[in-house]
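What you see below is based on every heavy atom in this structure, not just the backbone, and it leaves out hydrogens, waters and symmetry mates. We number each residue from 1, following the sequence as shown.
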Amino acid sequence: MKTVILIPARYASSRYPGKPLAELTQKNGTKKSLIQMSWEAAIGVAGVDAVYVATDDDRIKTASEAFGADVIMTSETCENGTARCADALAKAGLEADLIVNLQGDAPLTPAWFVEDLIAAMKSDPEAQVATPVLQCDALTYGHFVEDRKAGRVGGTTAVFNAKGHAIYFSKEVLPFIDPDKVPDTDIPVYHHVGVYAYRPEALAAYSSWPVSQLETLEGLEQLRFLYNDTTVRCVEVEGKGRVFWELNNPEDVPRIESVLRDLQ
């Protein structure tokens, strides 16, 4: 199965303009941009044939090529990362059996998250799309609740059925848990990890569908697949002691830097 990783990155983020070029302090005190950290995460994944940064911005292109990345320039009209991946695939004429979208705001994504995702797609012929989910520990669940209380849009939660097929994704904390009944362990809330794997036909279909109301309300691109009755496999991955968090807001920078300091 030929597998390609695309890292969609745009400069004009409404919540955090210039986010891909934001620099984070590493454990050794040096700084790296978010896009470089995401690229380094991608090239560490086993069984991948190629990795590309997909962007419409010359600043991101220049920065990416400086640290050795291959870049595909995409349209300025791509409304989200999935659309940008579809555009990059078409523009570059790439041929692949599986396309992985490793979003450029998830530098803490361990290689095994993506490797488990690829393995799940090989074993589940029903799935047209797959995405990892991680059961929340107390710290991550606390970040979710803290963000919502502060009126910030933070991470995304996923709800799925017995087959592991997605029922819904939300920026609210789902399922709701009475604050007085939150367990200390085995919290039944799953953090959606910002990675997707698509079969080429599913990615092509995505671009042909109009934006759904759910996608607009939640601001979540994967809801277009669910709205159009496409099976999205939620692949439960193991944190193995690693804390996962995306960079959605400037407030997330110290959270991620704290994790980086603790990495072995």
Determine yes or no for a side-chain-to-main-chain donor-acceptor pair under 3.5 angstrom, with [X] supplying the side chain and [Y] the backbone.
X: Thr157; Y: Leu174; answer: yes
X: Thr140; Y: Cys136; answer: no
X: Arg148; Y: His143; answer: no
X: Asp70; Y: Tyr52; answer: no
X: Gln135; Y: Ile187; answer: yes
X: Thr62; Y: Arg59; answer: no
X: Glu221; Y: Thr82; answer: yes

Practice task
Go through the steps for Phe113 and Val195 under the test side chain to side chain contact (heavy atoms under 4.5 Å, CB included), then give the verdict.
Solution key: CA-CA 9 Å; Phe113 281 18; Val195 184; 5.7 Å; no
[atom1] of [X] to [atom2] of [Y]: how many Å apart, nearest 0.5 Å?
X: Ile35; Y: Ile60; atom1: CD1; atom2: CD1; answer: 6.5 Å
X: Cys234; Y: Ile167; atom1: SG; atom2: CD1; answer: 9.0 Å
X: Leu6; Y: Leu203; atom1: CG; atom2: CG; answer: 8.5 Å
X: Thr3; Y: Leu98; atom1: OG1; atom2: CG; answer: 4.5 Å
X: Tyr168; Y: Gln222; atom1: OH; atom2: CD; answer: 9.5 Å
X: Leu220; Y: Leu226; atom1: CG; atom2: CG; answer: 10.0 Å

Find out whether [X] and [Y] are in side-chain contact, i.e. whether some heavy atom of one side chain is under 4.5 Å from a heavy atom of the other.
X: Leu34; Y: Glu23; answer: no
X: Thr77; Y: Asp56; answer: no
X: Gln26; Y: Leu24; answer: yes
X: Thr55; Y: Pro8; answer: no
X: Ser75; Y: Lys91; answer: yes
X: Asp116; Y: Trp112; answer: yes
X: Ile177; Y: Pro188; answer: yes

Problem - Aromatic ring proximity His191/Phe144, centre distance under 6.0 Å - result: yes
Practice task
List the steps, then state whether side chain to side chain contact (heavy atoms under 4.5 Å, CB included) holds for Val4 with Val100.
Solution key: CA-CA 6 Å; Val4 171; Val100 175; over 6 Å; no
Practice task
Kindly indicate, with the supporting measurements, whether the criterion salt bridge (charged side-chain N to carboxylate O under 4.0 Å, His left out) is fulfilled by Glu126 and Arg233.
Solution key: CA-CA 9 Å; Glu126 288 185 61; Arg233 170 77 179 271; over 6 Å; no
Closest non-hydrogen atom pair, [X] against [Y]:
X: Val129; Y: Ala202; value: CG2-CB, 4.2 Å
X: Val71; Y: Ser64; value: CG2-CB, 3.8 Å
X: Ala83; Y: Cys78; value: O-SG, 3.9 Å

Cationic N near anionic O, under 4.0 Å, [X] to [Y]:
X: Glu40; Y: Lys32; value: yes
X: Glu95; Y: Lys2; value: no
X: Arg10; Y: Glu76; value: no
X: Glu79; Y: Arg84; value: no

Problem - Other ILVMFWY residues reachable from Tyr190 by side-chain steps of under 4.5 Å - result: Val133, Phe160
Completion exercise
Excluding Leu217, membership of its hydrophobic cluster (Ile, Leu, Val, Met, Phe, Trp, Tyr; side-chain heavy atoms within less than 4.5 Å) reads none
Report yes or no: do [X] and [Y] belong to one cluster of Ile/Leu/Val/Met/Phe/Trp/Tyr joined by side chain heavy-atom distances under 4.5 Å?
X: Val159; Y: Val237; answer: no
X: Ile99; Y: Leu102; answer: no
X: Ile7; Y: Tyr198; answer: no
X: Val114; Y: Tyr196; answer: no

Handout entry: Partner set under ring pair (Phe, Tyr, Trp, His ring centres under 6.0 Å) for Tyr206, not counting sequence neighbours
Key = Phe225
Handout entry: Worked check of side chain to side chain contact (heavy atoms under 4.5 Å, CB included) between Asp124 and Val235
Key = CA-CA 11 Å; Asp124 186 353; Val235 181; over 6 Å; no
Quick one: do the [X] and [Y] side chains pair a donor with an acceptor below 3.5 Å?
X: Thr131; Y: His192; value: yes
X: Lys31; Y: Thr25; value: yes
X: Thr30; Y: Asn28; value: yes

Handout entry: Other residues, nucleotides, ligands: >12 heavy atoms within 6.0 Å of Glu238 CD
Key = no
Practice task
Using a cut-off of 6.0 Å, state whether more than 12 heavy atoms not belonging to Asp178 lie near its atom CG.
Solution key: yes
Handout entry: Stepwise side chain to side chain contact (heavy atoms under 4.5 Å, CB included) test for Ile72 and Val53
Key = CA-CA 6 Å; Ile72 300 172; Val53 172; over 6 Å; no
Handout entry: Glu218/Lys171 under salt bridge (charged side-chain N to carboxylate O under 4.0 Å, His left out): CA gap, chis, key distance, verdict
Key = CA-CA 7 Å; Glu218 290 269 12; Lys171 288 179 179 174; over 6 Å; no
